[in-house]
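I have placed the structure first, in the form of structure tokens, so that the comments after it can refer back to it.
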Amino acid sequence: MKKCIPEVEMIVVNTTEQALQFLDEIVESKAILPKLVLLDLYLPRKEDGWQVLQKIKKQESSLTMLPVIILSSSDSADDTRDAYQLGSTAYSVKPFEYPEWIKYFENIRKHWMETVILPFANR
């Protein structure tokens, strides 16, 4: 990702607890919101990504405006439907090989950084 979108500062969290704490701190401090969230639904546990998505989209705060791109190894129609019903902005199946990841992040850059206007782009 850093190779394809070098101007983006990545904030990586590894657990649901870290993600939820990070989101709480943003809301409480009124800090600048991320422009985009890439969320893996099933790592490290199956329920983790779903819990984070619900936190972002169900809370009465500016977090609900965050674009959330779901990354998943699952191509299940149920997972796709559930993710959109919970408010995800996009759902995509993760690539498996390095060249596919490069193309994936190039496409993210083109669409999310160059084509669409993000809610917090001017902050």
Side-chain angles (χ1 to χ4, degrees):
M1 181 174 169
K2 196 65 174 164
K3 178 179 178 180
C4 298
I5 315 172
E7 72 278 11
V8 170
E9 177 188 348
M10 290 188 301
I11 299 168
V12 178
V13 295
N14 296 310
T15 66
T16 303
E17 293 75 23
Q18 288 175 347
L20 297 175
Q21 181 180 355
F22 175 74
L23 295 170
D24 285 340
E25 288 171 4
I26 287 175
V27 171
E28 289 173 15
S29 69
K30 297 185 180 3
I32 296 173
L33 292 168
K35 291 179 176 70
L36 189 64
V37 174
L38 299 177
L39 178 62
D40 191 321
L41 284 180
Y42 291 118
L43 291 178
R45 297 175 308 214
K46 184 174 180 176
E47 67 277 0
D48 290 347
W50 295 108
Q51 187 178 0
V52 174
L53 179 60
Q54 289 173 340
K55 170 81 171 184
I56 292 170
K57 295 299 181 176
K58 297 296 182 187
Q59 193 172 29
E60 292 296 321
S61 74
S62 56
L63 290 178
T64 60
M65 296 289 292
L66 284 175
V68 177
I69 299 173
I70 299 298
L71 296 172
S72 181
S73 56
S74 168
D75 62 358
S76 157
D78 290 340
D79 285 346
T80 304
R81 182 197 63 238
D82 292 347
Y84 281 114
Q85 285 179 339
L86 290 172
S88 70
T89 310
Y91 188 100
S92 60
V93 177
K94 293 188 288 189
F96 290 102
E97 303 292 328
Y98 181 77
E100 294 170 335
W101 277 106
I102 295 295
K103 185 173 180 170
Y104 180 82
F105 286 121
E106 287 171 348
N107 288 334
I108 284 182
R109 178 189 183 82
K110 183 170 179 67
H111 182 76
W112 294 101
M113 305 299 172
E114 298 175 10
T115 304
V116 301
I117 298 172
L118 295 170
F120 306 106
N122 297 325
R123 292 185 177 186

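Along the sequence shown, the residues carry numbers beginning at 1. Just so it is clear, the values below take in all heavy atoms, side chains as well, and ignore hydrogens, waters and symmetry mates.
For the salt bridge (Lys or Arg N to Asp or Glu O under 4.0 Å) test, no residue two or more places apart in sequence or in another chain qualifies with Lys110. Residues satisfying the side chain to side chain contact (heavy atoms under 4.5 Å, CB included) test with Val8, not counting sequence neighbours, are Met1, Ile5, Met113. With sequence neighbours left out, Glu25 forms a side chain to side chain donor-acceptor pair (under 3.5 Å) with Gln21. With sequence neighbours left out, Glu114 forms a salt bridge (Lys or Arg N to Asp or Glu O under 4.0 Å) with Arg109. In this view, Tyr91 satisfies the ring pair (Phe, Tyr, Trp, His ring centres under 6.0 Å) rule with no residue, not counting sequence neighbours. Listed by chain and residue number, Arg45 satisfy the salt bridge (Lys or Arg N to Asp or Glu O under 4.0 Å) test with Glu17 (two or more places apart in sequence, or in another chain). Under the salt bridge (Lys or Arg N to Asp or Glu O under 4.0 Å) criterion, Glu28 pairs with no residue, sequence neighbours left out. Not counting sequence neighbours, Thr89 has no partner by the side chain to side chain donor-acceptor pair (under 3.5 Å) test. Residues satisfying the side chain to side chain donor-acceptor pair (under 3.5 Å) criterion with Asp40, sequence neighbours excluded, are Lys94. Residues that satisfy the side chain to side chain donor-acceptor pair (under 3.5 Å) test with Ser73, not counting sequence neighbours, are absent from this structure.
Minimum heavy-atom separation, Lys57 to Gly87: CE-O, 3.0 Å. Here the shortest heavy-atom pairing between Ala83 and Leu53 reads O-CD2, 3.8 Å.
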*Show the numbers, then the answer: is there a side chain to side chain contact (heavy atoms under 4.5 Å, CB included) between Trp50 and Asp79?*
CA-CA 10 Å; Trp50 295 108; Asp79 285 346; 3.7 Å; yes

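Test Thr15, Leu39, Val13 against Val52 for side-chain contact (heavy atoms from CB on, under 4.5 Å) and you get one pass: Leu39. For the side-chain contact (heavy atoms from CB on, under 4.5 Å) with Pro34, the lone residue among Leu63, Ile26, Leu23 that qualifies is Ile26.
No side-chain donor-acceptor contact under 3.5 Å links Ser72 to the backbone of Leu41.
Clustering of Ile, Leu, Val, Met, Phe, Trp and Tyr side chains at separations under 4.5 Å places Ile102 together with Tyr98.
If you take NE2 on His111 and CG on Leu36, they are separated by 9.5 Å, rounding to the nearest 0.5 Å. Rounding to the nearest 0.5 Å gives a distance of 9.5 Å between SG of Cys4 and CD1 of Ile108. Distance CG/Leu86 to CZ/Arg81: 10.0 Å, rounded to 0.5 Å. Atoms CG and OG, on Asn107 and Ser92 in that order, are 10.0 Å from each other to the nearest 0.5 Å. Atom CD1 of residue Ile11 and atom CD of residue Gln18 lie 12.5 Å apart, to the nearest 0.5 angstrom.
Residue Lys2 qualifies as enclosed at atom NZ: its count of foreign heavy atoms under 6.0 Å is above 12.
Between Trp101 and Tyr104, the angle of the ring planes goes over 60°, which puts this pair in the perpendicular group of the 30/60° scheme.
Residue pairs meeting the salt bridge (Lys or Arg N to Asp or Glu O under 4.0 Å) criterion with at least one partner in residues 66-76, sequence neighbours excluded, are absent.
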